[in-house]
Protein chains: 2
Amino acid sequence: MSLLVENETPSVGYKKTALNTVNRYRGRGQYDYEQIHPIVDEAPILHVAFQSSPDQGNFDFPVILPMLGCTGNFQEQDTAGTRSIYLHGYVSSRIMRLSRNNSSSDDSGSSGIPVCVSATLMDGIVLALTPNHHSCNYRSVVAFGHAHVVEEESERLWAMELITNNLVPERWQNTRFPNKVELKATGILRVDIHSASAKVRTGTTGEAREDLKDEAMRKKVWAGVIPTNYVYGTPIPAPTNMHKGLPEYIEDWVEDWNEKTQRYAAEAAGV
Amino acid sequence: MSLLVENETPSVGYKKTALNTVNRYRGRGQYDYEQIHPIVDEAPILHVAFQSSPDQGNFDFPVILPMLGCTGNFQEQDTAGTRSIYLHGYVSSRIMRLSRNNSSSDDSGSSGIPVCVSATLMDGIVLALTPNHHSCNYRSVVAFGHAHVVEEESERLWAMELITNNLVPERWQNTRFPNKVELKATGILRVDIHSASAKVRTGTTGEAREDLKDEAMRKKVWAGVIPTNYVYGTPIPAPTNMHKGLPEYIEDWVEDWNEKTQRYAAEAAGV
């Protein structure tokens, strides 16, 4: 059975398949690389699901791990096209062990363990006149792929720098370079994306037509959007810190991030 | 095979099993109800993983959905003890359909589909002298359980109010009461928790002993914590809003939330 359904723009995005097609509120579904990858990169935390091994007597529960990571393409480093998702974790953690032990291939031609990576940015609470029309403004991505442990040293080092600087830009070059033991203790997972989609909601409330006729009720119930965003506060030096003042690259980034995310949430709340 | 291992305080928390025991950084693991339930309730978004049906030719990928929900116990509504996780979604969504169609029981004596619910609050970025000692301050919960579609009307209505007021306190009683069609279109899932654990990191940087001897390097690299929290911005009325001004219950809640989460993140960054 083929999963692949024609996409209008297959060269710049993920193909729509039975797995990744947004069914509820179809208009919110997005499949282009340039819509999907920035959401993954902006999310401070990614959630990664995998099926844990049956020998743990786990009643077939999937497992979710919160992880740090971002998109990247080691072969074509500046591409806006195809990318994998790089994740960072302790080298002997369960997901690393499972990925390392599982190199059998399946129908898709890939090896590694099947995972789902989810990135969610909440941009606002949408309060309509009745709770059942409440909603959220958000940008969310769900990506399906196979997770591999990256063994090649140059790709590992490149990915560590990528993930570090995705969290705080320019951080890698402003720290002490890791030693061999530290490098070995850090596991890097590369999720090769099989399919992905984004779902985005922006805008103000959507109301039932009947409700808009009821002016007495509308005077009693406040309707609108409460914008929300992640902010970074004033950095607090460690007791062991000896650097004078706050470096400009951190100060600028905190300011830019807060301004950018606050503006997005407010604009998303607009009509 | 029994999963159940003795917990020191089984009456106030989840038993430690092979499934939920925190292995990496054991000291960060928490199992008590009073530690776990508030994290789930505070997280603005929950991530829910389930195994999608094989008839979609999905190469066994798990699926993650971002959903709204919170903890609750319909029988003993004010209990600080055992709780389920109530989730809210569209009645014909895939996870609702799967849960409804799947009522077979398994070894655990429960019916419903096996899911993992994850709640993550990011409280800060911990920047050590070397990237491999970077970390985050966070509070995260992973709960394993079986998801059931709630059919009983009084429990459904109670859960809708619970979830609405968990998002914005007092919102339910300040809106137009939903009609029969709206109530029917809203699906409520109850996840009966089989096991759960929380993982919490607070504090400043943890450095390698060797690094603390290198004063020249310490003068070059800034080390410390950038606290982070979700904030709610100035509420933006819908163009159709007819309520004068902002209701006090929203204004107070936004102010309290921002003050509380900012304070937590700053305190968590302390030594």
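Atoms considered below: every heavy atom in the structure, side chains included; atoms not considered: hydrogens, waters and symmetry mates. Numbers restart at 1 for each chain; the letters A, B, ... are given by sequence-line order, proteins then strands.
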With a 4.5 angstrom heavy-atom cut-off, which part of [X] approaches chain B: side chain, backbone, both or neither?
| X | answer |
| --- | --- |
| A/Ser140 | side chain |
| A/Leu167 | both |
| A/Leu68 | side chain |
| A/Met122 | both |
| A/Val126 | neither |
| A/Val225 | both |
| A/Leu212 | side chain |

Leading residue by heavy atom contact count with chain B [cutoff under 4.5 Å; candidates [options]]:
| options | value |
| --- | --- |
| A/Val117, A/Asp211, A/Thr234, A/Leu65 | A/Asp211 |
| A/Ile226, A/Ile236, A/Thr240 | A/Ile236 |
| A/Ala128, A/Gly233, A/Ser118, A/Pro131 | A/Pro131 |
| A/Ile250, A/Ile125, A/Val168, A/Leu183 | A/Ile125 |
| A/Thr120, A/Val254, A/Asn229 | A/Asn229 |
| A/Val48, A/Leu246, A/Thr261 | A/Leu246 |

Check each atom of [X] against the heavy atoms of chain A and say whether the ones under 4.5 Å are side chain, backbone, both or neither.
| X | result |
| --- | --- |
| B/Lys219 | both |
| B/Glu207 | side chain |
| B/Thr164 | side chain |
| B/His88 | neither |
| B/Asn174 | backbone |
| B/Tyr138 | neither |
| B/His134 | side chain |
| B/Ile113 | neither |
| B/Ala49 | both |
| B/Glu182 | both |
| B/Ile64 | both |
| B/Ile163 | neither |
| B/Asp214 | neither |
| B/Val231 | both |

Shorter than 4.5 Å, heavy atoms on both sides: which option in [options] has the most such pairs with chain A?
| options | result |
| --- | --- |
| B/Gly124, B/Ala265, B/Pro247 | B/Pro247 |
| B/Pro44, B/Gly224, B/Pro227 | B/Pro227 |
| B/Ile45, B/Leu127, B/Thr205 | B/Leu127 |

Once the angle between the rings of A/Phe144 and B/Phe61 is folded into 0 to 90°, is it parallel (under 30°), tilted (30 to 60°) or perpendicular (over 60°)?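 Because their plane-to-plane angle lies in the 30° to 60° range, the rings of A/Phe144 and B/Phe61 count as tilted.
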Got B/Thr21 and B/Ser197 here, is their nearest side-chain heavy-atom distance under 4.5 Å? no
Say whether A/Asn137 and A/Arg201, considering side chains only, have a donor N or O and an acceptor N or O under 3.5 Å apart. yes
In this structure, CZ of A/Arg171 is separated from OH of A/Tyr249 (nearest 0.5 Å) by 4.0 Å
Spacing of NZ belonging to A/Lys220 relative to CZ belonging to B/Arg176, to within rounding of 0.5 Å: 12.5 Å
Is the number of heavy atoms from other residues, nucleotides or ligands within 6.0 Å of CD (B/Gln262) greater than 12?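 Open.
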Nearest heavy-atom pair of B/His243 and B/Gly245: which atoms, and what distance? ND1-O, 3.0 Å
Return the set of residues passing salt bridge (Lys or Arg N to Asp or Glu O under 4.0 Å) with B/Lys213 (not counting sequence neighbours), or none when no residue passes. B/Glu210
Candidate list A/Asn179, A/Thr186, A/Thr175, test side-chain hydrogen bond (donor to acceptor under 3.5 Å, both in side chains), partner B/Asn132, passing option: A/Thr186
A/Tyr232/A/Trp253 aromatic ring centres below 6.0 Å: yes
